[in-house]
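Naming convention: chains lettered A, B, ... in sequence-line order (proteins, then strands); numbering from 1 in each chain.
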Amino acid sequence: MYQAPRGTADILPVEQPYWRYVERAIEEITRRYGYRRIDTPVFEETGLFRRSAGDYTDIVQKEMYTFEDRGGVSLTLKPEGTPAVCRAYLEHGMHNLPPPVKLYYISPIFRYDRPQAGRYRQHHQFGAEAIGSADPALDAEVIDMAWQFYRLLGLSGLTLELNSIGCKTCRPGYLAALKDYYCAHVARLCADCKARFEKNPLRLLDCKEPSCQEIADNAPRGLEHLCPDCSAHFAALQKYLAVLGIPATLNHRLVRGLDYYTRTVFEFQPSFEGRQSTIGGGGRYDDLIVELGGRPTPACGFATGIERIIINLKRQGLELPPPPAPAVFIAFIGEAAKEAAVRLAGELRREGIPAALGFGERSLKGRMREADASGARYAVIIGDEELAGGTVTLRDMRSATQEKVPAAALIPRLRRDIPA
RNA sequence: GUGGGUGUAGCCGAGGGGACUAAGGCGUCAGGUUGUGGCCCUGAAGAUCGAGGGUUCGAAUCCCUCCACCCACCCCA
């Protein structure tokens, strides 16, 4: 028997109400903040992601689904949404639109990870990108939108962690200070950190290894090495967040897994368990558009995992109403009546009335059991009697009462009795 | 990628070397007389006990290898 590939999942009918619930919230929140939807292909040229995320990130080094098509082009299944949106922004000359250009997406995301609770090889993200402004008020607005989005969903107990990792002016100085400090401690670092020391020193701060943490605790802090501009930007952002009533916790060790971030970075953590269960995050990426061949264009965005949102909604005990039942179940008795039943089902549906028709051979009793199981409010019974009299038996399943009504009167009658 | 746990019908789940021709519940299907549901009663279908190999007279039960899921690390959403 075939199974869904490892780390992927079917989203079964019982799960769909949660997805629809989240999608509706996305629609509502993006409407409020003025974002317009964009959909990009599931795969892009591999270079786009390598360029964007950075060659030494885990995503690029070991998590991409990369393949060559028959024309020899290297393609990669989208491992994150931002580069694809930026590519589309550039490709379609959106820099000619009044900035900031605000775009959102709901997209499958692919990463070759070892699956675990809330971690899949294919998952789905809602992301938003605001391209074309360096104003810290935009950072605040992006964070506010994410925050209000979770609130709208009814997710409680989230915490927002915030940090600034500087820009290309101040980061080199900080990295140098960091390396200076770490030089003396290299011998005591874990194997991963030894590699990070060489390739991606910022990540040193993020190591969970107790011995490394101890070292990281005393490492020079990025916030103290920000250049005046970045420092002012970060101060302004915090001011605006305060104005918006968004409680942010400073985490000087917060570094994101993508190299393109500048200045603002943030993550949302659920209160439940494990810090490694980030539900969403984002930041500013002022150099990415240039990196991809555009003019200097500051930008800011965030993304959140839909599966993780749903996990948390369930943990909170969110109950969603069951899917709607048909209004009418049509039960026929005999072949002649079946033809009338097929016709009636078609008519009801064309009138906008959800109707279910029984299939196959069954006793009337079995048919009524089927009608009951369908959850239909009404059953319409058609047999020889009804056929002969040009009527139809309309049974109210709830009150268990029924009456014969003229066939022609059925639709008006249902129209009247079925609440829209 | 590392370490640990789990794997019995569509779902939940008992059984941990011979009494298993694998319990029970949910669900499905049929019947409980003649054209009628929900409760109830009866019956049926549905499982090569995750897959493959091994030990044994005998394996769902023990061992090995895979696969999948779960948990932690890692990483992130």
Distance in angstrom units between A/Arg114 CZ and B/G4 P, rounded: 10 Å
A/Gln116 (side chain) and B/C73 (base): donor-acceptor pair under 3.5 Å: yes
Proximity to the side chain of A/Lys365 - top-ranked nucleotide from B/G35, B/G37, B/C70: B/G37
Euclidean distance, atom CG of residue A/Asp113 to atom C1' of B/C70 [Å, nearest integer]: 16 Å
Whether A/His225 and A/Tyr174 hold their rings parallel, tilted or perpendicular, with breakpoints at 30° and 60°: tilted
Whole-Å distance separating the CZ atom of A/Phe329 from the C1' atom of B/U36: 12 Å
Touch class at under 4.0 angstrom, heavy-atom based, for A/Ile381 against every strand present: base
For atom CD of A/Glu370 and atom C1' of B/A30, their distance in whole Å: 14 Å
Selected nucleotide, minimal atom distance to A/Arg256 side chain, candidates B/G1, B/A77, B/C67: B/A77
Base partner of B/A51, which must satisfy Watson-Crick or wobble distances under 3.5 Å: B/U65
Distance between C1' atoms of B/C63 and B/A30 (Å, rounded): 46 Å
Heavy-atom donor-acceptor pair, A/Glu386 side-chain to B/G35 base, under 3.5 Å: yes
Below 4.0 Å: OP1/OP2 of B/U36 and any side-chain N or O of A/Ser363: no
A/Arg24/A/Glu27 ion pair, N-O < 4.0 Å: no
B/C29 base / A/Arg362 side chain donor-acceptor hit below 3.5 Å: no
Quiz item: cation-pi between A/Arg367 and A/Phe332, 6.0 Å / 45°: yes
Separation of the P atoms in B/G27 and B/C64, to the nearest angstrom: 40 Å
Sugar-phosphate, base or nothing in reach of A/Gly366, heavy atoms under 4.0 Å: nothing
Distance test, side-chain N/O of A/Arg6 to OP1/OP2 of B/C69, below 4.0 Å: yes
Proximal nucleotide (of B/A77, B/G37, B/C71) relative to the A/Ala117 side chain: B/C71
Criterion ring-ring contact (aromatic ring centres under 6.0 Å, His included) on A/Tyr104 and A/Tyr33, from CA distance to verdict: CA-CA 11 Å; A/Tyr104 81 95; A/Tyr33 287 79; over 10 Å; no
Sugar-phosphate, base or nothing in reach of A/Glu385, heavy atoms under 4.0 Å: base
OH (A/Tyr181) with more than 12 external heavy atoms under 6.0 Å: yes
Nearest listed nucleotide, side chain of A/Met397, among B/U36, B/C67, B/G37: B/G37
Sugar-phosphate only, base, or nothing, as touched by A/Glu80 at under 4.0 Å among non-hydrogen atoms: nothing
NZ/NE/NH1/NH2 to OD/OE distance under 4.0 Å, A/Arg20 and A/Glu23: yes
Any-strand Watson-Crick or G-U partner of B/U36, both distances under 3.5 Å: none
Quiz item: A/Arg398 side-chain donor-acceptor pair to B/G37 base, under 3.5 Å: no
Euclidean distance, atom CE of residue A/Met64 to atom C1' of B/G1 [Å, nearest integer]: 17 Å
Sugar-phosphate only, base, or nothing, as touched by A/Arg395 at under 4.0 Å among non-hydrogen atoms: base
Any N/O donor-acceptor pair, A/Arg111 side-chain to B/C76 base, under 3.5 Å: no
Whole-Å C1' distance, B/A77 and B/C11: 29 Å
Candidate nucleotides B/G37, B/C69, B/G35, ranked by approach to the side chain of A/Thr393 - the nearest: B/G35
Cationic N near anionic O, under 4.0 Å, A/Glu267 to A/Arg256: yes
Length of the line joining A/Lys338:NZ and B/G35:C1', which is rounded to integer Å: 17 Å
Position toward the 5' end of RNA chain B (nearest nucleotide), A/Gly118 or A/Thr401: A/Thr401
Any N/O donor-acceptor pair, A/Arg308 side-chain to B/C76 base, under 3.5 Å: yes
Separation between the C1' atoms of B/C71 and B/U65, rounded to whole Å: 23 Å
More than 12 heavy atoms from other groups under 6.0 Å of CD on A/Glu45: no
Identified pairing partner of B/G43, criterion: Watson-Crick or G-U wobble below 3.5 Å: B/C29
Nearest-angstrom distance, C1' atom, B/U8 to B/U61: 11 Å
Under-3.5 Å donor-acceptor pair between A/Arg369 side chain and B/G32 base: yes
Between P of B/C69 and CD of A/Glu307, the distance in whole Å: 14 Å
Gap in Å between the two C1' atoms, one belonging to B/U33 and one to B/A59, rounded: 50 Å
Side-chain donor/acceptor contact of A/Arg367 with base of B/U36 under 3.5 Å: no
Sugar-phosphate only, base, or nothing, as touched by A/Ala400 at under 4.0 Å among non-hydrogen atoms: base
Any-strand Watson-Crick or G-U partner of B/A22, both distances under 3.5 Å: none
Assigned partner base of B/A72, Watson-Crick or wobble definition, under 3.5 Å: B/U2
B/A44 and B/G7, which share atom name P, separated by this distance in whole Å: 30 Å
Sugar-phosphate, base or nothing in reach of A/Gly127, heavy atoms under 4.0 Å: nothing
Rounded P spacing from B/C26 to B/U42 in Å: 11 Å
From CA spacing to verdict: ring-ring contact (aromatic ring centres under 6.0 Å, His included), A/Phe126, A/Phe302: CA-CA 8 Å; A/Phe126 156 45; A/Phe302 103 102; 5.6 Å; yes
A/Leu394 CG to B/U36 P, straight-line distance once rounded to whole Å: 18 Å
